[in-house]
S.K.: 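Below: one structure in C-alpha cells.
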Amino acid sequence: MLRELSQVLAELHDGLAAVQTHGHVRLSRVEMTLPMELRPIFAAGGCVLLADLPRSHEVNEWLASPSKLRLSWNAGGDAP
C-alpha cells in the first residue's frame with residue numbers, strides 16, 4: 001500500500017531508533033539505498049508523493065528500472 005513519503009521515512013527512522021533501544025547499540029551514521037515505488041498524487045491544490053518498497057521483485061516492461069531512494073542519517077544532524 002502506497003503511503004506518503006514522509007510516513008515511510010518516519011517509519012524507517014523509528015526502526016533505526018528501535019535497533020538502538022532494543023539492540024543496545026549506538027548508531028552514529030546510517031546509509032541505505034532502497035528500491036521505491038513512487039506515485040505523485042494531485043489533490044487539494046497540491047501534490048503528494050506516495051511511496052513504498054516495491055511489492056514485487058520482478059522487472060517488467062512498465063517498470064523496467066525501479067526508483068531508488070538513498071538515505072543518510074547522522075547522529076547530531078551533521079551533513080555527510
Side-chain angles (χ1 to χ4, degrees):
M1 178 172 89
L2 295 176
R3 302 162 288 162
E4 286 192 31
L5 180 58
S6 60
Q7 182 181 356
V8 174
L9 293 174
E11 289 174 7
L12 288 169
H13 187 266
D14 291 347
L16 292 173
V19 166
Q20 290 191 120
T21 301
H22 302 295
H24 305 290
V25 296
R26 183 177 179 273
L27 302 173
S28 59
R29 183 175 179 172
V30 175
E31 290 187 23
M32 295 182 234
T33 301
L34 303 168
M36 296 296 285
E37 250 184 75
L38 300 170
R39 184 175 305 141
I41 300 293
F42 298 97
C47 181
V48 175
L49 187 58
L50 301 182
D52 209 341
L53 298 173
R55 292 170 267 184
S56 171
H57 294 291
E58 60 184 62
V59 175
N60 57 41
E61 291 178 24
W62 173 252
L63 186 60
S65 97
S67 298
K68 290 192 168 103
L69 176 65
R70 183 162 188 233
L71 300 170
S72 178
W73 277 293
N74 296 300
D78 295 333

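The chain is numbered in sequence order, starting from 1.
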S.K.: Compare every heavy atom of Leu38 with every heavy atom of Ala51, then report the nearest pair and how far apart it is.
M.R.: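 Between these two residues, the closest heavy atoms are CB-CD2, 3.4 Å.
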S.K.: Would a single hydrophobic cluster contain both Leu50 and Phe42, if residues Ile, Leu, Val, Met, Phe, Trp and Tyr are joined by side-chain heavy-atom contacts under 4.5 Å?
M.R.: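 Shared cluster, no.
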S.K.: Side chains of Trp73 and Leu12, heavy atoms from C-beta outward: is any pair under 4.5 Å?
M.R.: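 Of all side-chain heavy-atom pairs linking Leu12 with Trp73, at least one is under 4.5 Å.
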S.K.: Side-chain contact, heavy-atom cut-off 4.5 Å: Leu2 with Ile41?
M.R.: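 Not in contact.
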S.K.: Check whether Met36 and Val48 end up in the same hydrophobic cluster, where Ile, Leu, Val, Met, Phe, Trp and Tyr are linked by side-chain heavy atoms less than 4.5 Å apart.
M.R.: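 The answer is no; the residues belong to distinct hydrophobic clusters.
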S.K.: Just so I know, are the side chains of Leu71 and Leu9 near enough to count as touching, which here means a heavy-atom distance under 4.5 Å?
M.R.: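 They are in contact (side-chain heavy atoms under 4.5 Å apart), so the answer is yes.
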S.K.: Please give me the minimum heavy-atom distance between Asp52 and Arg3, naming the atom from each residue.
M.R.: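 Of all heavy-atom pairs spanning Asp52 and Arg3, the closest is OD1-NH2, 3.0 Å.
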S.K.: I want to check something: taking the side chain as every heavy atom from C-beta on, are Met32 and Leu16 in contact at a cut-off of under 4.5 Å?
M.R.: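 Touching, per the 4.5 Å side-chain cut-off.
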S.K.: Transitively linked via ILVMFWY side-chain contacts under 4.5 Å: Val8 with Leu69?
M.R.: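 Hydrophobic grouping puts Val8 with Leu69.
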S.K.: Between Glu37 and Leu53, does the side-chain contact (heavy atoms from CB on, under 4.5 Å) criterion hold? Intermediate values first, please.
M.R.: CA-CA 6 Å; Glu37 250 184 75; Leu53 298 173; over 6 Å; no
